[in-house]
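No experiment lies behind these values; they were computed from the predicted model shown. Convention: sequence-line order gives letters A, B, ...; per-chain numbering from 1.
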2 protein chains.
Amino acid sequence: MVTIKQVAQRAGVSFKTVSRVVNNDPTVKPENRDKILAAIEELGYQPNIAARMIRKKNSDIIGFISDEISTTPSSVDIIRGAQDMAWEKGKTLMVFNLNQKDANPAQLFDECTQHRAEGVIYGAMYHQPVSLPKSFEKLPTVMVNCFDPGQKYPAIVPDDEQAAYYVTRQLLAKGYRRIAFLNLNPDIIAAQLRLAGFEQALTEYGITEDNYIVKTIEQVKGDKVIDVTRDMTLDVLDNFKPDAILCGKDLVAVRVYFVLESLKIKVAEDIGVASFDNWDAIPDILVPGLSTMSLPYYEMGRRAVQKVIETSEHKRNTQSGEPEKITCLLASRESF
Amino acid sequence: MVTIKQVAQRAGVSFKTVSRVVNNDPTVKPENRDKILAAIEELGYQPNIAARMIRKKNSDIIGFISDEISTTPSSVDIIRGAQDMAWEKGKTLMVFNLNQKDANPAQLFDECTQHRAEGVIYGAMYHQPVSLPKSFEKLPTVMVNCFDPGQKYPAIVPDDEQAAYYVTRQLLAKGYRRIAFLNLNPDIIAAQLRLAGFEQALTEYGITEDNYIVKTIEQVKGDKVIDVTRDMTLDVLDNFKPDAILCGKDLVAVRVYFVLESLKIKVAEDIGVASFDNWDAIPDILVPGLSTMSLPYYEMGRRAVQKVIETSEHKRNTQSGEPEKITCLLASRESF
DNA sequence: TTGTAAGCGTTATCAT
DNA sequence: ATGATAACGCTTACAA
C-alpha cells in the first residue's frame with residue numbers, strides 16, 4: 001500500500017506537507033498542493049484510517065449490534081437509516097448480528113471496544129424491554145426498538161400508542177362505528193400500547209364498550225404460539241358484525257383479506273380494513289391496497305445514530321428518562 | 001483507554017510480555033501469565049485493533065457493498081450469511097449500502113481501501129449483470145447475486161435454472177400434467193434461466209407445447225411496469241385450464257391464491273401451486289402453506305466470504321470463469 | 001509556508 | 001523466558 005511518504009517523495013516535499021494537503025490544511029503553497037494532488041492521483045494513495053485513528057483519538061466508528069433472532073425484514077430499515085445518518089455525519093457503522101450459535105452481546109460489545117467505537121447502538125427486532133450486560137456502560141449506548149427497564153440508556157422506539165390512536169381516529173372520522181381490533185399477543189409491548197391508543201380514540205368519540213371489540217390473534221397452545229386469525233375473523237364477523245377491522249400487523253391483514261374474499265365481503269366497500277407495519281410489498285400486493293400505519297424504522301435508525309453521537313460528544317450516558325417515541329405515519333391506500 | 005503498557009506496569013513486567021500473553025505466545029512463565037491475565041481483567045484491557053493493524057499487515061476486514069436500490073428483504077440473508085462466515089473465520093464484515101443520494105460504488109470502495117479491507121464483496125438485490133468501476137480491480141472482489149458480464153470477478157449466484165428444473169420435475173412426479181408458468185419479466189436473468197429449466201424438465205417428461213403455457217406477470221405500460229397477475233391468472237384458468245400453476249415469486253403466489261379463493265378453487269385439492277423465493281413469512285401465511293423453491297441467500301453470503309478469503313490468500317483475482325451457482329432447495333409445504 | 005521530532009498502541013527483531 | 005529498540009503510517013507540537 002502506498003503511504004504518505006511515497007507521495008511526498010514523488011511530489012518532492014516532506015511527508016508532513018502531504019499530510020497537510022490530505023487534511024485540507026490551507027497553509028500549503030498552491031503550487032505544492034497541485035504537485036501533491038497529482039502524486040496522490042498517480043499513486044492511488046488512500047489514507048490509512050487505522051494509522052490515523054491511533055494518533056487522533058477518535059475512530060469515527062459507531063457499533064450497531066442487532067438482535068436478529070426473529071428476522072423481521074422491515075427492521076432492516078433501522079440499519080439502513082442508521083447507515084445513512086452515519087454516512088451523513090462522516091461516521092462508519094460497524095454492524096454485528098447476534099446469531100444464536102456463539103456470539104453474545106458482551107462479545108460483540110468487546111468487538112466494538114476493540115475497534116474503539118465511539119458509541120454503540122443496540123437494536124431489537126421488535127419493540128421490547130432488553131437488559132444489556134453491564135459492559136455496555138463503558139461506551140455511550142443507545143437502544144433502538146427496545147429499551148432498558150431501568151432507563152439506563154437513551155432509547156428510540158416507535159410511538160405505538162400514537163399509531164393506534166391516529167389510525168383509529170382516521171377510521172372514526174370516515175364514519176366507521178363498530179371496529180374490531182385483532183391485536184397482537186398482549187405480552188408484547190406494542191400490543192399494550194396500541195390497545196391504549198385505540199381505546200383513547202374511541203373514548204374521545206364516545207364509542208362505548210358494546211360498539212368495539214378487541215381480540216388476540218395468537219393463542220398459546222402448550223409451549224407453542226399459534227395464529228388463530230382466521231377463526232377470530234370469522235368469529236368476529238359472525239358475532240360482532242364490525243364495519244371495520246384493525247389488524248395487529250400486515251400479515252394478519254393478509255389472512256383477514258382471505259377470509260373476506262371467501263365470504264364475498266368487499267374490502268373498503270363492505271368493510272374497512274386497517275393495519276400496522278407497512279411491511280414492504282405486502283400492502284401493495286393486496287387488492288384494494290392496504291392502508292396501514294408504517295413503523296418508522298428508517299427514521300428510528302437515523303435518530304439512534306444522531307443520539308449516540310450527541311451522547312458521545314457530551315459524554316453523558318445516564319439519566320436518560322423515557323424512551324424517545326418516533327411518530328408513525330399512515331401509509332394511506334384504499335382499504336378504508 | 002487502557003493500553004498494553006498500563007497492564008505491564010500493573011503486572012510488573014515489560015509491555016512486550018503482555019503482548020505475548022495477548023497473542024497466546026506460549027513462551028511466558030505461567031506465573032507471569034496469571035499475573036498479566038489478572039491485570040488485564042482488573043483494568044478491562046481491550047487490544048486496540050487499529051494499532052495492531054498498522055503493524056501487522058492484515059486488517060481482517062472484509063468490505064460488503066450492497067446495492068439496496070430495490071429493498072428485497074430476503075436478500076438481507078446474504079448479509080447475514082456473510083457475517084456469520086466472517087465471524088467464523090475471525091474476520092469483520094464492514095457493510096456499506098448504496099443509497100441513491102450520494103454514495104456511489106467507487107466511493108464505497110475507497111472507504112474499504114481506507115480501512116485496508118482484505119477484499120470486497122459486491123452484492124446485488126436481485127440476480128443481474130453488474131459492471132463495477134475499474135477501482136475494484138485493486139482488491140480481491142467477489143460478486144454475489146450478480147456477475148460481471150466479462151467474468152472479471154468470481155461470482156456467486158442462485159442456480160435459477162436448477163430451481164425451475166427441480167420444482168417442475170417435482171410437479172410432474174406428483175402427476176401434474178398441465179402446468180402454467182407465470183414467469184417474471186423476461187428481461188430478468190432469473191426469468192430466462194427458470195424458463196430454460198422449466199422447459200428442460202417438461203421435455204424430459206415428454207410434455208409437448210400444447211400441454212404447458214408460459215405467461216409474464218409484468219407488462220410495460222409506457223415507462224411503467226405494472227403487475228397483471230390477476231388478469232393473467234384468470235386468463236390462464238379460463239383458456240388453458242392448468243392442473244398446476246408455477247409462480248415467478250411468492251408475491252405472485254399470494255395474488256394467485258386470491259384469485260383461486262374468489263373462484264372457490266381449492267389449492268392442492270383442485271390445483272397445485274408452486275413458486276420461487278421462500279420469502280420470509282409469506283409462504284406460511286398462506287393456507288395451505290406454499291411449497292416454494294427457496295433462494296439460497298444465506299448460503300450465498302457464506303460462500304462469498306469464503307471465496308473472497310480464498311482469493312485474497314492466493315492473490316489472484318482474474319480468470320474467474322462462470323459464476324458459481326448455489327443450489328436451491330424446495331421448501332415443501334402443502335400447496336402441491 | 002514548510003519541516004523535524006515525538007508520539008499513538010501495537011508487533012517484529014534481536015539481544016540477553 | 002524476557003526485554004530493549006525499532007518500526008508501522010499517521011497526527012501533533014514546535015521550530016525554522
Parallel, tilted or perpendicular: ring planes of H127(A) versus F147(A), cut at 30 and 60 degrees: perpendicular
When all nucleic acid strands are considered with a 4.0 Å heavy-atom cut-off, which category describes T3(A): base, sugar-phosphate, or nothing? sugar-phosphate
Quick check for you: among dT2(D), dG9(C), dT10(C), whose closest atom lies nearest to any side-chain atom of K57(A)? dG9(C)
Which sits closer to the 5' end of DNA chain C, F15(A) or V28(A), going by the nucleotide each is nearest to? V28(A)
Would you say a side-chain N or O of S14(B) is under 4.0 Å from OP1 or OP2 of dA4(D)? no
How about Y298(A) and D84(A): do any of their side-chain heavy atoms sit closer than 4.5 Å? yes
Classify the angle between the aromatic ring planes of Y122(A) and F136(A) as parallel (below 30°), tilted (30 to 60°) or perpendicular (above 60°). perpendicular
Can you figure out which of dT11(C), dT1(C), dG9(D) approaches the side chain of A51(A) most closely? dG9(D)
R20(B) has an atom CZ; how far is it from atom P of dT11(C), in whole Å? 11 Å
What's the CG-P distance between N32(A) and dG3(C), to the nearest Å? 7 Å
hbond_proxy R55(B) side chain to dT11(C) base (donor-acceptor, 3.5 Å cutoff): yes
Nearest whole angstrom, please: distance from the C1' of dC8(D) to the NZ of K56(B). 13 Å
Closest to the 5' end of DNA chain D, once P26(B) and N48(A) are matched to their nearest nucleotides, is P26(B)
Could you tell me the separation between the CZ atom of R52(B) and the P atom of dC10(D), rounded to a whole number of Å? 20 Å
Rounding to an integer number of Å, can you tell me how far I49(B) CD1 sits from dC8(C) C1'? 16 Å
Taking atom types as modelled and ignoring hydrogens, do the side chains of Q306(A) and R303(A) form a donor-acceptor contact shorter than 3.5 angstrom? yes
Q46(B) (side chain) donor-acceptor with Q114(A) (main chain) under 3.5 angstrom: no
How long is the line joining CD of Q9(A) and C1' of dG9(D), in whole Å? 15 Å
Calculate the interatomic distance between M1(B) atom CE and dG7(C) atom C1'; express it in whole Å. 19 Å
Nearest-angstrom distance from the residue atom NZ of K16(A) to C1' of dA16(D): 15 Å
Students often get this wrong, so: under 4.0 angstrom with heavy atoms, is V22(B) touching a base, only sugar-phosphate, or nothing? nothing
Between dT11(C) and S19(B), is there an OP1 or OP2 to side-chain N/O distance shorter than 4.0 Å? yes
Within the structure shown, what part of the strands sits under 4.0 Å from T27(B) by heavy-atom distance: base, sugar-phosphate, or nothing? base
